[in-house]
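To start, the structure itself, in structure tokens.
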Amino acid sequence: MQLARLLRRSFFNRDPRAVGPALLGKIVVRRQGRKIRAGRIVEVEAYLGADDLAAHAAAGRTERNAVLFGPPGHAYVYFIYGVHYCLNISCMPKGEAGCVLIRALEPVAGMEEMATARGLISLNLDSARDLRKLTSGPGRLCEALEITRLRDNGKDMVSPESDLQVLDDGFHPAKVLVTRRIGISKSAAMPLRYVIAGNEFVSGKTAI
DNA sequence: TTATAGATTGCCT
DNA sequence: GGCAATCTATAAT
């Protein structure tokens with residue numbers, strides 16, 4: 001990973017359909033004292049506003065989804081299925097809803113800490129097959145980075161002070177694939193899932 | 001007040 | 001491939 005710098009807030013101050021593919025190849029960093037955990041974004045989904053029935057913002061602003069209507073570049077973390085957290089980054093100017101769901105990361109740093117956080121004791125860090133278990137899925141990556149609603153919801157991800165940030169190290173994916181979103185029933189036809197073509201850390205499919 | 005579905009994962013057969 | 005885990009928001013009594 002070369003010199004990496006924080007993304008600008010303006011990066012997120014636009015339509016999630018523009019932010020989504022642009023986020024592929026960027027790096028999510030969790031700072032914890034001197035330790036850092038980091039992963040390259042390889043899979044995301046865009047969630048829109050009132051026109052997108054699958055989006056939490058579709059029913060209007062509530063206490064839960066307030067971050068979506070706030071300024072861009074902030075973490076929207078929600079709890080799902082009584083088990084998992086999911087990490088989104090707010091998009092669009094303040095007052096307008098929209099976000100991008102981070103669905104999978106390619107581990108870059110802090111893999112041992114990730115494995116511990118995931119409860120994967122005997123993980124072989126030299127095995128790509130094993131590394132997939134760390135962050136290949138929205139619930140998994142939150143567990144690996146210890147992202148929770150209480151701790152991280154509303155956190156500014158483009159602030160130098162934040163312990164949860166998005167960085168750009170200049171990497172650009174060779175090819176981006178666009179598909180339908182996964183795991184939803186409403187507004188399911190829209191092509192709003194973006195993945196780095198051929199990347200093995202994309203969630204789902206590949207047997208683990 | 002009670003019921004149900006949900007932007008998931010891992011263990012079971 | 002099926003399904004339980006188990007919290008939250010929203011719909012239905």
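When the nearest nucleotides of DNA chain B are assigned to A/Y47 and A/E143 by heavy-atom distance, the more 5′-ward of the two goes with A/Y47.
Heavy-atom minimum distance, A/R37 versus A/A117: NH1-CB, 3.7 Å. The two residues A/D51 and A/M190 make their nearest non-hydrogen contact at O-CE, 4.5 Å. The two residues A/G98 and A/M92 have their closest heavy-atom pair at CA-CG, 4.4 Å.
Between A/K133 atom NZ and B/dC11 atom P the separation is 10 Å, expressed in whole Å. In this structure, CG of A/L53 is placed 14 Å from C1' of B/dA7, rounded to the nearest angstrom. Computed from coordinates, the A/R140 CZ to B/dG10 P distance equals 4 Å when rounded to whole Å. Counting to the nearest Å, the P atom of B/dG10 and the CZ atom of A/R132 are 11 Å from each other. The CG-C1' distance, from A/L87 to B/dA7, rounds to 12 Å in whole Å. To the nearest angstrom, P of B/dT8 lies 11 Å from CG of A/N88. Across the protein-nucleic acid pair, A/D130 atom CG and B/dG10 atom C1' stand 15 Å apart, rounded to whole Å. In this structure, NZ of A/K186 is placed 9 Å from C1' of C/dT10, rounded to the nearest angstrom.
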Pairs counted as Watson-Crick or G-U wobble with both distances under 3.5 Å: what dot-bracket string results for DNA chain B, using | for bases tied to another strand? ||||||.|||||.

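Set against C/dT10, B/dG10, B/dA7, the side chain of A/H56 has B/dA7 as its closest nucleotide. For A/P138, counting side-chain heavy atoms from C-beta on, the closest listed nucleotide (B/dG10, B/dA7, B/dT9) is B/dT9.
Ring planes of A/F79 and A/Y85: tilted class, angle from 30 to 60°.
A cation-pi arrangement is found for A/R14 relative to A/F11, the charged atom lying closer than 6.0 Å to the ring centre and inside a 45° cone about the ring normal.
Residue A/R118 has no polar side-chain atom (N or O) positioned under 4.0 Å from OP1 or OP2 of B/dT9.
Two residues are said to be in side-chain contact when any heavy atoms from C-beta on lie closer than 4.5 Å; A/R151 and A/D163 meet this criterion.
Residue A/F201 forms a side-chain contact (heavy atoms from CB on, under 4.5 Å) with just one option from A/V42, A/L141, A/I41, and that option is A/V42.
Using a 4.0 Å cut-off between charged nitrogen and carboxylate oxygen, A/R181 and A/D52 count as a salt-bridge pair. The pair A/E113-A/R30 fails the salt-bridge criterion, with no side-chain N (NZ, NE, NH1 or NH2) lying under 4.0 Å from an Asp/Glu carboxylate O.
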I'd like a list of close polar pairs between nucleotides 4-9 of chain C and the protein, N/O only, cut-off under 3.5 Å.
from, atom 1, to, atom 2, distance (Å)
C/dT6, O4', A/G82, O, 3.4
C/dT6, O2, A/Y81, O, 2.6

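Rounded to a whole angstrom, the distance from the P atom of C/dG1 to that of B/dA7 is 22 Å.
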